[in-house]
Amino acid sequence: MDIHEYQAKELLAKFGVPIPRGGLAYSPEQATYRASEMGGVVVVKAQIHSGARGKAGGIKVCKNESEIEAAAESMLGRKLVTTQTGPAGKLVSRLYIEEATNIDKELYLGFVMDRAAERIMVVASAAGGMDIEEISASQPDTIIRVNVDPAVGMQQFQAREIAFGLGVDPEIVNKLVPAIMGCYRAFRDLDATMLEINPMVISKEKQVFALDAKMSFDENALFRRPHIAELRDKSQEDPRETYASDRGLAYVGLDGDIGCVVNGAGLAMATLDMIKLAGGEPANFLDIGGGASPERVTKSFKVVLRDKNVKAILVNVFAGINRCDWVAKGVVDAIKELNITMPVVVRLAGTNVEEGRKIIEQSGLTLISADTLAEAAKKAVSAAKQAA
């Protein structure tokens, strides 16, 4: 789960990370009022779940009331298209009005899960700002990487090494170290999976500020972080994924035309690969889970059909905890209830497979059966092309 910049900053401030003064606005009038509270030059920032807002016109420096109002008018209620949102863009429904900072130096600071090392990894660079991706690709040796031992947590000496590695003045080190430690504690204590400060700035007044912040959280841990779960903004999410998650289904939307209904994350990934190998494009990743009832299978079909690009559906079930007869009944019920006319390819294996195949054969529906995953993928690709 992602959150907005202003929400991330509110969380970080509680862990001692310094942030500039700012306030939220939902209208041009509110934007000018927030700016009047701060006085002087302010920055108007569109709040969407995406980076690269500055290059897309989603961040504007304003010196007076008319500029603030014009900036707010140009952003609110419109979709901002960045290099990370894709061509569809994301709707701007709120703005963050922040006092301008007299920037002297921009740094990059990030915290991610290094799954190979099973550690939290701190990533830092002396070249923060909008071009950090290009610098990471062209000058990888300039990136500082530090793994944190989970048994002891991040230590002060590690934060100091990072600060000195960034080349900041000694007087700044004592201000940067608490900010780095605060970011680590926020990452650890809130079950985050990613925290990015880009840029972490040093002002000409020799102060340290987190000028931008992005945070993502482990959705499986939200049950113990209700105050984080409340920060979710469904308007920024793929509506297909929101619909599925609200019904307890693991779903990721893709750009293809073959809908997938599969049990097990590993098998789902293999199914996507096999569709690609057969020359097709999957429309989604969907894991119906173990012990799926016919009702759950019907829910899965409803989720897949919300994608208007789907031309064919591939059901691939290897039953262990699951039962093929349950899945087969769910498929038949779903097709009848939802009046599905597009091709549906069904491949069943495992527990009660003969009973499941018998239900499919006796359903009277024009379902396409397959014995292997490779065969199922080829038939699904062929059916999708014919339907298109």
Side-chain angles (χ1 to χ4, degrees), residues 3 5-23 38-43 45 51 61 96 98-114 117 119-132 135-136 139-192 194-215:
I3 61 174
E5 171 199 355
Y6 76 93
Q7 295 169 327
K9 285 182 172 177
E10 289 176 358
L11 294 173
L12 291 173
K14 295 177 182 178
F15 288 87
V17 180
I19 63 170
R21 286 192 305 156
M38 285 170 270
V41 181
V42 299
V43 184
K45 298 183 173 184
V61 179
Y96 189 57
E98 187 174 73
E99 66 179 352
T101 302
N102 200 8
I103 300 172
D104 183 44
K105 185 176 179 62
E106 294 186 349
L107 310 171
Y108 174 87
L109 183 65
F111 293 76
V112 293
M113 293 299 300
D114 183 346
R119 300 284 192 274
I120 294 173
M121 176 181 281
V122 186
V123 183
S125 172
M130 292 191 293
D131 298 321
I132 184 63
I135 292 170
S136 177
Q139 305 174 44
D141 294 340
T142 64
I143 305 297
I144 299 169
R145 294 178 175 84
V146 176
N147 277 323
V148 179
D149 188 329
V152 296
M154 189 171 191
Q155 300 297 298
Q156 290 275 345
F157 78 87
Q158 291 177 301
R160 283 195 296 273
E161 286 179 351
I162 292 170
F164 280 115
L166 293 172
V168 301
D169 296 336
E171 63 180 301
I172 301 298
V173 170
N174 290 333
K175 297 177 180 180
L176 187 56
V177 167
I180 295 173
M181 295 298 295
C183 288
Y184 167 74
R185 289 193 299 271
F187 185 95
R188 177 197 64 193
D189 295 351
L190 299 177
D191 291 311
M194 186 276 293
L195 192 164
E196 182 181 67
I197 309 294
N198 186 30
M200 177 77 83
V201 302
I202 300 168
S203 71
K204 292 184 178 179
E205 294 77 26
K206 305 299 181 184
Q207 299 298 317
V208 172
F209 293 108
L211 211 59
D212 194 5
K214 289 175 64 178
M215 292 187 77

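FYI, the numbering just counts along the sequence from 1. Every heavy atom of this structure was used, including side-chain atoms; hydrogens, water molecules and symmetry mates were not.
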What are the two closest non-hydrogen atoms of [X] and [Y], and how far apart are they?
| X | Y | answer |
| --- | --- | --- |
| Tyr184 | Gly153 | OH-CA, 3.2 Å |
| Arg119 | Pro150 | CD-CD, 3.2 Å |
| Glu99 | Met38 | N-SD, 3.5 Å |
| Ala126 | Lys105 | O-NZ, 3.9 Å |
| Leu166 | Ser125 | CD2-C, 3.3 Å |
| Ile197 | Pro199 | CG2-O, 3.8 Å |

Counting N and O atoms only, with roles assigned by atom type, does the side chain of [X] sit under 3.5 Å from a partner on the main chain of [Y], one being a donor and the other an acceptor?
| X | Y | result |
| --- | --- | --- |
| Lys9 | Arg21 | no |
| Asp169 | Glu171 | no |
| Gln155 | Val152 | yes |

Within a strict 4.5 Å, meaning less than it, do heavy atoms of the [X] and [Y] side chains meet?
| X | Y | value |
| --- | --- | --- |
| Ile120 | Met113 | yes |
| Met200 | Ile180 | no |
| Phe111 | Val148 | no |

Derivation of the side-chain contact (heavy atoms from CB on, under 4.5 Å) call for Leu195 and Leu190
CA-CA 11 Å; Leu195 192 164; Leu190 299 177; over 6 Å; no
Check step by step if side-chain contact (heavy atoms from CB on, under 4.5 Å) holds for Phe187 and Met215. CA-CA 8 Å; Phe187 185 95; Met215 292 187 77; 5.7 Å; no
Do Tyr108 and Val123 pass the side-chain contact (heavy atoms from CB on, under 4.5 Å) test, and can you show the C-alpha distance, the side-chain angles, and the key distance before you say yes or no? CA-CA 8 Å; Tyr108 174 87; Val123 183; 4.2 Å; yes
For the atom pair [atom1] ([X]) and [atom2] ([Y]), what is the distance rounded to the nearest 0.5 Å?
| X | Y | atom1 | atom2 | value |
| --- | --- | --- | --- | --- |
| Glu196 | Glu5 | CD | CD | 11.5 Å |
| Gln207 | Thr101 | CD | OG1 | 10.5 Å |
| Glu106 | Asn198 | CD | CG | 7.5 Å |
| Leu11 | Cys183 | CG | SG | 11.5 Å |
| Tyr6 | Asp212 | OH | CG | 14.0 Å |

Quiz prompt | From CA spacing to verdict: side-chain contact (heavy atoms from CB on, under 4.5 Å), Val122, Met154 | solution = CA-CA 10 Å; Val122 186; Met154 189 171 191; 4.1 Å; yes
Decide if atom NZ of Lys206 counts as having more than 12 heavy atoms of other residues, nucleotides or ligands within a radius under 6.0 Å. yes
Paired with Leu107, the side chain to side chain contact (heavy atoms under 4.5 Å, CB included) test is passed by just one of Ile202, Val208, Leu211, namely Ile202
Carboxylate-amine/guanidinium contact Glu10 Lys14, below 4.0 Å: no
